[in-house]
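Worksheet: one structure, shown below.
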Number of protein chains: 2
Amino acid sequence: MTQLSRREHLVDTALGLFQESGFHSTGIDRILNEAGVSKKTMYQHFHSKEELIYAALRKYDSTFRNYYMNMIEKSGRTPRERLMAMFDITDEWMHSDRFYGCIFINAMGEYAQEDQTIRNICKDFKHMLWRYIYKLSKEAGADNPNGLANELHLLIEGAIVTAHVSQNVGAGEIAKRIGERCIAAYLDGDKKQDSR
Amino acid sequence: MTQLSRREHLVDTALGLFQESGFHSTGIDRILNEAGVSKKTMYQHFHSKEELIYAALRKYDSTFRNYYMNMIEKSGRTPRERLMAMFDITDEWMHSDRFYGCIFINAMGEYAQEDQTIRNICKDFKHMLWRYIYKLSKEAGADNPNGLANELHLLIEGAIVTAHVSQNVGAGEIAKRIGERCIAAYLDGDKKQDSR
DNA sequence: AAATTGGGAAACCGATCTGTCTCCCAAAAT
DNA sequence: ATTTTGGGAGACAGATCGGTTTCCCAATTT
């Protein structure tokens, strides 16, 4: 096993445990035991647990981004179809057997004011997602793509939290129904949207 | 100081620290130090840290409920006005100097699968909030109060998370704009809402 | 005035945390 | 074949965790 794949495997294992059990309550020893990696090896890749957390969050960021965007672009042809498909993909994800909410929302809760790096990684992820929705909104021909992106992004957040905390399996469909209305208002509307 | 107020003060202090710093990273010693209460006294009120967490969450539940509902009922006369006022009250709360997101969303992230009691307290809180929105929706004359409550509740969740994680101070207004559209669709609509 | 009691301060306990260090062996390099 | 090296196993250190216990004093009770 090469250096690189060993490192990747460690990050993957850590990520899985962080998702399942949270960050503070997942000890280094448990991660190493599960990954079959020694402490010595880990600490020459990451100087602290926090660095491992950063790596896990960044890994999730890029994995999720690729998966999500690929699925959306495969599911819809036009930008408008893709905006709608986003709700279906999100719904699928929320119904997967191991759904523990959004890891960035969870991380933000655990590191409310302690670790600015973690907060920024979370914020940046959300901003990346927003920009993608903004791009699709613009391509779909919205007069006010900014407003539409704000609304659709907020709906996705609401769906994730509702599915997770309220344990409402219909959250994705609820969000989709609202989303349809938002998209119609911005794309089919009588063109007097304000520009907020 | 009576027994009762000492206990209340301890719970209040714990609640504040849990909100600021999370549950796992807030140690017993810090809570006691801040509250000016000895360990001995605490442990004859609560048999464990987890019981203190339960008490703090329940206290927040009842405090929030009273505050939120009073404000809403003071801000709007008709049920429909109150549904709209809900977004304003939420927006005010999210703009307060010490806003750390929703403590129940945060708790659900930290205790993803470890503590069923905590999960239930969080779920119950959200359900209580949903029922309140449902009641207002029904009073407002919605054909499908269930559907409207689902949508408005999801919007509130989305606003909270967007304000917290994306640090978007406009989240409340975004949610309100969508909410207006939802309410119009359910109350002014052409009465062919499906009953999902 | 003497006895009782509630509770603060803090020592203490065992477990667990992050992070370092040593020992040792297998595989690669020479 | 001998040397070097990467890395696993795990002991260890120091801090901190939740939780128990002791000690002691001030306030109340009798």
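In what follows, every chain begins at residue 1, and chains take the letters A, B, ... in the order their sequences are listed. Please read all numbers here as calculations on a predicted model, not as lab measurements.
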Min side-chain heavy-atom separation A:Leu10-A:Thr41 under 4.5 Å =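 With C-beta onward as the side chain, the pair stays apart.
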Just the rounded figure in Å: distance from [atom2] of [N] to [atom1] of [X].
X	N	atom1	atom2	value
B:Arg7	C:dG6	CZ	C1'	17 Å
B:Lys49	C:dA15	NZ	C1'	15 Å
A:Gln44	C:dG19	CD	P	15 Å
B:Glu50	D:dC17	CD	P	16 Å
B:Leu32	D:dT20	CG	P	13 Å
A:Tyr43	D:dC12	OH	P	19 Å
A:Glu51	C:dT18	CD	P	15 Å

query = How would you list, by chain and number, every residue that makes a salt bridge (Lys or Arg N to Asp or Glu O under 4.0 Å) with A:Asp124, sequence neighbours excluded?
reply =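 A:Asp124 satisfies salt bridge (Lys or Arg N to Asp or Glu O under 4.0 Å) with no residue once adjacent residues are dropped.
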Which protein N or O atoms sit under 3.5 Å from an N or O of nucleotides 8-11 of chain D?
unit_1, atom_1, unit_2, atom_2, d
D:dG8, OP1, A:Arg6, NH1, 2.2
D:dG8, OP2, A:Ser38, N, 3.2
D:dG8, OP2, A:Ser38, OG, 2.8
D:dG8, OP2, A:Thr41, OG1, 2.3
D:dG8, O6, A:Lys40, NZ, 3.4

inquiry  = Salt bridge or not between B:Lys126 and B:Glu157? Use side-chain N to carboxylate O under 4.0 Å.
reply    =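 Salt bridge present between B:Lys126 and B:Glu157.
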message = Tell me the closest heavy-atom pair linking B:Ala112 and A:Gln19, and the distance in Å.
response =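 Between these two residues, the closest heavy atoms are CB-O, 4.3 Å.
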query = Given A:Phe104, which of A:Phe23, A:Tyr60, A:Phe18, A:Tyr111 fulfils the ring-ring contact (aromatic ring centres under 6.0 Å, His included) condition?
reply =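 The ring-ring contact (aromatic ring centres under 6.0 Å, His included) with A:Phe104 is passed solely by A:Tyr60 among A:Phe23, A:Tyr60, A:Phe18, A:Tyr111.
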request  = Check ring pair (Phe, Tyr, Trp, His ring centres under 6.0 Å) between A:Phe87 and all other residues, then give those that pass, not counting sequence neighbours.
outcome  =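 Counting only residues at least two positions away or on another chain, A:Phe87 forms no ring pair (Phe, Tyr, Trp, His ring centres under 6.0 Å).
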Do any side-chain atoms of residues 89-99 of chain A form donor-acceptor pairs under 3.5 angstrom with protein atoms, and if so which ones, sequence neighbours left out?
unit_1, atom_1, unit_2, atom_2, d
A:Thr90, OG1, A:Tyr68, OH, 2.5
A:Thr90, OG1, A:Met86, O, 2.7
A:His95, ND1, A:Asp91, O, 2.8
A:His95, NE2, A:Val169, O, 3.1
A:Ser96, OG, A:Trp93, O, 2.8
A:Arg98, NH2, A:Glu20, OE2, 3.1

query = Among residues 10-28 of chain A, which contact DNA chain C at a heavy-atom distance under 4.0 Å?
reply =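 Within residues 10-28 of chain A, the residues near DNA chain C are A:Thr26, A:Gly27, A:Ile28.
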key: Fellow cluster residues of A:Tyr134, listed by chain then number, with links counted only when side-chain atoms sit under 4.5 Å apart   =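 The other cluster members (ILVMFWY side chains, heavy atoms under 4.5 Å, direct or chained) are A:Trp130.
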